[in-house]
Participant: 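Below you will find the structure I want to go over with you.
Values below: all heavy atoms of this structure, side chains included; hydrogens, waters and symmetry mates excluded. Since this is a predicted model, take the numbers as computed values, not measurements. To find a chain, count down the sequence lines: A is the first, B the second, and so on, and within it residues start at 1.
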2 protein chains.
Amino acid sequence: MVPVIRELARCYQAFQRASDAHIRHSGLTPPQFDIVVTLGNTDGMTFKDLGNRTLITKGTLTGVVDRLEARGLVARAASPTDGRSTLVKLTPEGERLFHRVFEPHLAFLAPAFESLPECGRKELEKRLRQLRLALEKRSQDLARQG
Amino acid sequence: MVPVIRELARCYQAFQRASDAHIRHSGLTPPQFDIVVTLGNTDGMTFKDLGNRTLITKGTLTGVVDRLEARGLVARAASPTDGRSTLVKLTPEGERLFHRVFEPHLAFLAPAFESLPECGRKELEKRLRQLRLALEKRSQDLARQG
DNA sequence: GGGAGTTAGTTCTAACACGAACTATTATAG
DNA sequence: CTATAATAGTTCGTGTTAGAACTAACTCCC
């Protein structure tokens, strides 16, 4: 079991390192990039939605959005339907940045993934999902009774 | 390609969440646990070795070891062979903690991994290594010429 | 053996991470 | 209706993170 864990961690960290190093060329930090990409091609969404999609907790999200807003890449707006909610949306400048960085980033990563045969990717994806579901179940077990 | 990336990220994060939640019961943070486990069953090692095995960068390592040392779980000692190096070693109390937390932690995670058939784990491990090597190559390409 | 370059660890800064406490708003129970 | 519970975001405290600048000690080369 330990070898699979190690390989999972190393693979993800290798992905992070490659991805992050490329992202930093855009002047964004990885979480900021994550937000910009998530907001790309949408009309904006609430903090709650953003948090769900990016897996960034709400306390952290406030700061990340603050910094993006300070740079003029996103804007906050009150929700018309719920006084508690705040909508976050890319500004025109944010939109421009999104289009400038997203596709090139995928293109940068593509060669690594294409080194696996198509069937290998499908296989990997299937196994990862299987393991993830089992791990999520484990978390729930812990939450229920330690 | 994007689906595999998403599944890799989600699987690793699911692992982190399950693992971290269990680890926190031991009173250690995940990086601290990582250090204690790495030092377990050894005679201690240098910061450099610790950094290589845990993938924690040296600047971060100083702080993590500081906090473990403040709690009396590890001790620093000058290297007898290299005046620049510092050896980090579990104290007797650190040893006790290691034995108390390591095996139970593996036992906690085991059910999730055993939900995959043996061949599935081998398969997964192989694919992850393959992808990792390709990703590391990508990082090197970037470092060489952007 | 002495100077140039390398290496080990520390310090610093800016950003992120999580959880808990807090405020304001909305929903629900009775 | 109104007291109570749930929810959305912010703030705060502690710890982690990477990277760059720094100090001290080692290595290499002539």
Participant: Find the distance Phe47(A):CZ to dA24(C):P and express it as a whole number of Å.
Facilitator: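 Going from Phe47(A) (CZ) to dA24(C) (P), I get 17 Å.
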
Participant: Using atom CG of Asp20(B) as one end and atom P of dG15(D) as the other, report the distance to the nearest whole Å.
Facilitator: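 After rounding, the reported distance stands at 16 Å.
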
Participant: Are there any protein N/O atoms within less than 3.5 Å of an N/O atom in nucleotides 14-16 of chain C, and if so, which ones and at what distance?
Facilitator:
from: dC16(C); atom 1: OP1; to: Thr29(A); atom 2: OG1; distance (Å): 2.5
from: dC16(C); atom 1: OP1; to: Gln32(A); atom 2: NE2; distance (Å): 3.4
from: dC16(C); atom 1: OP2; to: Arg67(A); atom 2: NE; distance (Å): 2.3
from: dC16(C); atom 1: OP2; to: Arg67(A); atom 2: NH2; distance (Å): 2.2

Participant: Using a cut-off of 4.0 Å on non-hydrogen atoms, how would the nucleic acid contact of Ser79(A) be classed: base, sugar-phosphate, or nothing?
Facilitator: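 Here Ser79(A) touches no strand at all.
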
Participant: Between the protein and nucleotides 2-5 of chain C, list the N/O to N/O atom pairs that are separated by less than 3.5 angstrom.
Facilitator:
none

Participant: Output the rounded distance in Å from CG (Leu55(A)) to P (dG19(C)).
Facilitator: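 Whole-Å distance recorded here is 13 Å.
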
Participant: Using only atom types and a distance under 3.5 Å, with no angle test, would you say the side chain of Thr86(B) pairs donor to acceptor with the backbone of Arg76(B)?
Facilitator: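 Here the side-chain-to-backbone pair does not exist.
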
Participant: Would you please confirm or rule out a distance under 4.0 Å between OP1 or OP2 of dG9(D) and any side-chain N or O of Thr62(A)?
Facilitator: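 Result: no.
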
Participant: Provide, to the nearest angstrom, the distance between the CZ atom belonging to Arg71(B) and the P atom belonging to dT14(D).
Facilitator: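 After rounding, the gap between these two atoms is 15 Å.
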
Participant: Ser85(B) near the nucleic acid: base, sugar-phosphate alone, or nothing, with a heavy-atom cut-off under 4.0 Å?
Facilitator: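 Sugar-phosphate: the residue Ser85(B), judged by heavy atoms under 4.0 Å, touches backbone atoms but no base.
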
Participant: Distances under 3.5 Å only, N/O to N/O: pair up the protein atoms with those of nucleotides 22-28 of chain D.
Facilitator:
from: dC26(D); atom 1: OP1; to: Gly83(B); atom 2: N; distance (Å): 2.5

Participant: Does Arg76(A) have a side-chain nitrogen or oxygen under 4.0 Å from the phosphate oxygens OP1 or OP2 of dT10(D)?
Facilitator: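 Looking at the OP1 and OP2 atoms of dT10(D), one of them is under 4.0 Å from a side-chain N or O of Arg76(A).
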
Participant: Rounded to whole Å, how long is the line connecting atom CG of Leu61(B) with atom P of dT17(D)?
Facilitator: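 Nearest whole value for this atom pair: 10 Å.
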
Participant: Can you check whether Thr57(A) has a side-chain N or O nearer than 4.0 Å to OP1 or OP2 of dA17(C)?
Facilitator: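 The answer is no; no side-chain N or O of Thr57(A) sits under 4.0 Å from OP1 or OP2.
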
Participant: To the nearest angstrom, how far is Asp34(B) atom CG from dG15(D) atom C1'?
Facilitator: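 Answer to the nearest Å: 15 Å.
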
Participant: Parallel, tilted or perpendicular: which one describes the rings of Phe98(B) and Phe102(B), with boundaries at 30° and 60°?
Facilitator: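 Parallel.
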
Participant: Determine whether Leu87(B) and Pro80(B) make a side-chain contact, defined as any pair of heavy atoms from C-beta on separated by less than 4.5 Å.
Facilitator: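 They are in contact (side-chain heavy atoms under 4.5 Å apart), so the answer is yes.
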
Participant: Identify, between Lys48(A) and Arg24(A), the residue whose nearest nucleotide on DNA chain D lies closer to the 5' end.
Facilitator: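 So the residue in question is Lys48(A).
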
Participant: Please check if atom CZ in Arg53(B) has more than 12 non-hydrogen atoms from other residues, nucleotides or ligands closer than 6.0 Å.
Facilitator: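 Atom CZ in Arg53(B) is not packed in, count stays at 12 or less.
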
